[in-house]
There are 2 protein chains.
Amino acid sequence: MSGERGLPPVDLVSRAYQRIRDLIVEGRLAPGTRIIENDLANHLEISRTPVRAALQRLQQEGWVIGSGTGKQLRLSVSPMTQEDARELFDIIGTLEGLAARWAALLPSEHRADLVEELRGLNRQLREEAASALPDPRRAYELHSAFHVQLVEAIHAPRLRVLHSAIKPQAYRYRQVYSVALIPATAEAAAEHEAVLRHIDAGDPAAAEQAARTNWANAADRMARIIQTWGEKGSW
Amino acid sequence: MSGERGLPPVDLVSRAYQRIRDLIVEGRLAPGTRIIENDLANHLEISRTPVRAALQRLQQEGWVIGSGTGKQLRLSVSPMTQEDARELFDIIGTLEGLAARWAALLPSEHRADLVEELRGLNRQLREEAASALPDPRRAYELHSAFHVQLVEAIHAPRLRVLHSAIKPQAYRYRQVYSVALIPATAEAAAEHEAVLRHIDAGDPAAAEQAARTNWANAADRMARIIQTWGEKGSW
DNA sequence: ACTCCCATGATTGTATACGATTGCGTATAC
DNA sequence: GTATACGCAATCGTATACAATCATGGGAGT
């Protein structure tokens with residue numbers, strides 16, 4: 001997804017951003033946890049400056065939330081609620097719907113290549129889910145790759161930035177209930193296939209609708225599962 | 001919209017963000033202009049630290065763009081191009097379409113209040129455009145308020161944040177060609193009215209479609225004007 | 001005269017230092 | 001025993017100092 005191999009030529013704030021985000025996604029920084037710049041800086045073995053920059057970005061993207069009126073604000077990890085999940089999934093569905101629409105408007109040659117590539121990913125996803133011992137991490141990677149590639153394929157910088165900022169937050173929810181979601185992979189793959197079919201046919205409206213339906217269903221599946229809360233992580 | 005008349009309890013980075021953004025919107029920092037942290041800090045009479053934080057936020061929102069592979073990156077004001085305008089308007093239309101959809105799903109009482117409030121704004125907008133000496137600033141404010149209030153009305157924090165980050169960038173284009181756009185205000189107001197009618201009727205699909213159409217038409221109007229006036233800063 | 005190399009300046013990334021504000025604990029007074 | 005006030009520790013915002021890297025220009029050599 002991010003694919004940043006190569007440690008030296010990356011500035012500390014990007015790495016801090018990634019690492020803190022991972023801490024949150026993995027649940028090691030549990031929802032509601034108070035965030036102290038100093039502690040994070042110590043944990044990451046860097047100074048407060050890059051941590052601060054990373055935190056500001058995380059705050060703007062909604063990973064951490066600031067309380068306290070303006071001045072002396074305190075940061076904490078954004079809580080995970082059902083309403084938030086619903087809003088999140090709806091927004092992503094809308095954005096990806098737009099991506100699917102644009103994809104269906106590409107020249108037919110590009111469309112064919114794209115559909116072929118995504119069909120490959122989708123097939124791998126199906127196989128992984130149907131295997132005897134499904135690997136949640138690999139399923140996650142394949143699932144994520146499908147959606148990322150779809151947005152990546154159209155040349156739309158702003159949409160790409162938005163999507164890359166928001167979509168991982170859905171995977172935060174997905175991660176928590178990853179085991180419970182494995183059985184639903186087949187449905188998801190089928191929905192993916194529907195999107196691809198409409199893109200292949202060059203039908204923008206249908207492609208958009210299919211993508212939105214996919215995420216709406218994902219929201220439903222998630223809502224059904226949300227019952228027990230994530231436990232606190234120690235780190 | 002901004003309306004932060006300088007109470008002391010506002011941190012420097014927020015103020016720096018606002019001021020730099022205003023510089024960009026007003027065109028005093030022209031598209032393509034190279035950005036030097038020190039110069040900005042001197043100009044704003046603060047240190048580099050808050051400027052840096054503000055710049056990072058501006059970069060993430062797409063106001064400034066960073067070039068240079070990873071390491072030693074240089075910032076410059078994002079250029080204004082026709083493709084960018086098109087993408088921007090489409091994205092905003094999609095987001096506001098979602099907002100309109102949700103608005104149409106509100107309890108009918110809330111809907112009535114909302115529609116009434118927005119009708120008021122729309123009427124003021126019409127009057128301003130129809131007056132003998134239209135004030136572009138006031139038209140801008142009213143127009144902006146309409147869209148902001150629509151999104152504000154539904155209780156959707158993430159959508160609100162997204163909208164507040166993206167929409168002002170459309171007004172950057174709008175600002176540049178503000179004079180040329182005045183005659184189009186009547187059309188815009190009519191389209192607004194269509195959105196309100198569908199929200200009032202509680203028809204989510206129609207409301208969403210109307211909002212998207214509004215922004216699609218806005219994109220067309222903008223494209224026509226850019227065509228004749230030329231793009232700024234893409235070179 | 002042209003080219004190449006080195007040095008100096010400019011610009012950014014990172015760390016640290018300092019002042020201010022806030023929340024909490026404790027001690028004292030009622 | 002309880003409540004309030006005072007003080008200290010914790011944390012954050014801002015400034016400044018330092019290091020690293022890149023560009024640019026001038027001088028020397030061919």
Side-chain angles (χ1 to χ4, degrees), chain A residues 2 4-21 23-24 29-30 32-78 235, chain B residues 4 6-21 23-24 29-30 32-78 235:
Chain A
S2 56
E4 90 289 54
R5 284 300 141 251
L7 304 175
V10 184
D11 54 334
L12 290 190
V13 12
S14 301
R15 283 201 299 215
Y17 168 82
Q18 267 296 338
R19 294 186 59 185
I20 299 173
R21 212 182 78 170
L23 286 176
I24 297 177
L29 275 174
T33 303
R34 172 75 190 284
I35 290 195
I36 284 93
E37 295 178 356
N38 239 333
D39 295 355
L40 270 179
N42 286 11
H43 183 67
L44 303 182
E45 294 173 309
I46 56 180
S47 88
R48 268 180 57 212
T49 309
V51 171
R52 217 181 146 67
L55 281 179
Q56 218 206 0
R57 191 167 154 203
L58 288 166
Q59 179 183 6
Q60 205 205 348
E61 290 183 354
W63 293 95
V64 307
I65 189 173
S67 64
T69 58
K71 190 62 168 298
Q72 194 83 4
L73 87 158
R74 309 297 195 185
L75 293 180
S76 52
V77 179
S78 294
W235 52 284
Chain B
E4 95 285 58
L7 283 314
V10 184
D11 55 332
L12 291 191
V13 14
S14 302
R15 283 203 298 225
Y17 168 82
Q18 266 296 336
R19 293 187 58 185
I20 298 173
R21 211 181 80 169
L23 286 177
I24 297 176
L29 275 174
T33 304
R34 168 78 188 280
I35 289 192
I36 285 94
E37 295 178 358
N38 237 333
D39 295 357
L40 269 179
N42 285 10
H43 183 64
L44 303 181
E45 294 173 309
I46 57 182
S47 87
R48 269 180 55 208
T49 310
V51 172
R52 227 183 133 66
L55 282 179
Q56 219 209 354
R57 189 168 155 200
L58 288 166
Q59 179 183 6
Q60 202 202 350
E61 290 183 354
W63 294 95
V64 307
I65 188 174
S67 65
T69 59
K71 194 67 165 298
Q72 193 86 2
L73 88 158
R74 310 299 206 195
L75 294 180
S76 53
V77 179
S78 294
W235 45 283

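Fair warning: this is a prediction, and the values are worked out from it, not measured in the lab. Naming convention: chains lettered A, B, ... in sequence-line order (proteins, then strands); numbering from 1 in each chain.
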Pairs of donor and acceptor atoms involving the side chains of residues 54-65 of chain B, under 3.5 Å and at least two apart or interchain, shall be tabulated with distances.
{"from": "Gln60(B)", "atom 1": "NE2", "to": "Glu61(A)", "atom 2": "OE2", "distance (Å)": "2.7"}
{"from": "Glu61(B)", "atom 1": "OE1", "to": "Tyr17(B)", "atom 2": "OH", "distance (Å)": "2.6"}
{"from": "Glu61(B)", "atom 1": "OE1", "to": "Trp63(B)", "atom 2": "NE1", "distance (Å)": "3.3"}
{"from": "Glu61(B)", "atom 1": "OE2", "to": "Gln60(A)", "atom 2": "NE2", "distance (Å)": "2.6"}
{"from": "Glu61(B)", "atom 1": "OE2", "to": "Tyr17(B)", "atom 2": "OH", "distance (Å)": "3.4"}

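Side chains of Leu12(A) and Leu44(A) form no contact here, defined as non-hydrogen atoms less than 4.5 Å apart. Proximity of Ile46(B) to Arg15(B): side-chain heavy atoms (C-beta onward) are nowhere separated by under 4.5 Å.
Rounded to whole angstrom, the span from the CG atom of Leu12(B) across to the P atom of dT16(D) amounts to 12 Å. When rounded to the nearest whole Å, the span between CZ of Arg48(B) and P of dT11(C) equals 11 Å. Remark: P of dT14(C) and CD of Gln56(B) are 11 Å apart, rounded to the nearest angstrom. Regarding Arg74(A), its CZ atom lies at a distance of 12 Å from the C1' atom of dA20(C), rounded to whole Å.
A pairwise comparison of heavy atoms in Ala30(B) and Thr33(B) identifies O-OG1, 2.6 Å as the closest pair. Taking every heavy atom of both residues into account, Glu37(A) and Val51(A) meet most closely at O-CG1, 4.0 Å.
Taking every heavy atom of residues 35-45 of chain B and every atom of DNA chain C, pairs under 4.0 Å involve Ile35(B), Ile36(B), Glu37(B), by number.
Distances were taken from every side-chain heavy atom of Arg34(A) (C-beta onward) to each of dA15(C), dG13(D), dT11(D); the shortest belongs to dT11(D).
Put simply, Arg52(B) has no side-chain N or O that comes within less than 4.0 Å of OP1 or OP2 on dT12(C). Between Thr49(A) and dT14(C) there is no side-chain N or O to OP1 or OP2 distance below 4.0 Å.
With sequence neighbours excluded, no residue forms a side chain to side chain donor-acceptor pair (under 3.5 Å) with Arg74(A).
Shown here, dA15(D) forms a base pair with dT16(C); the pair counts as Watson-Crick or G-U wobble because both key distances fall under 3.5 Å.
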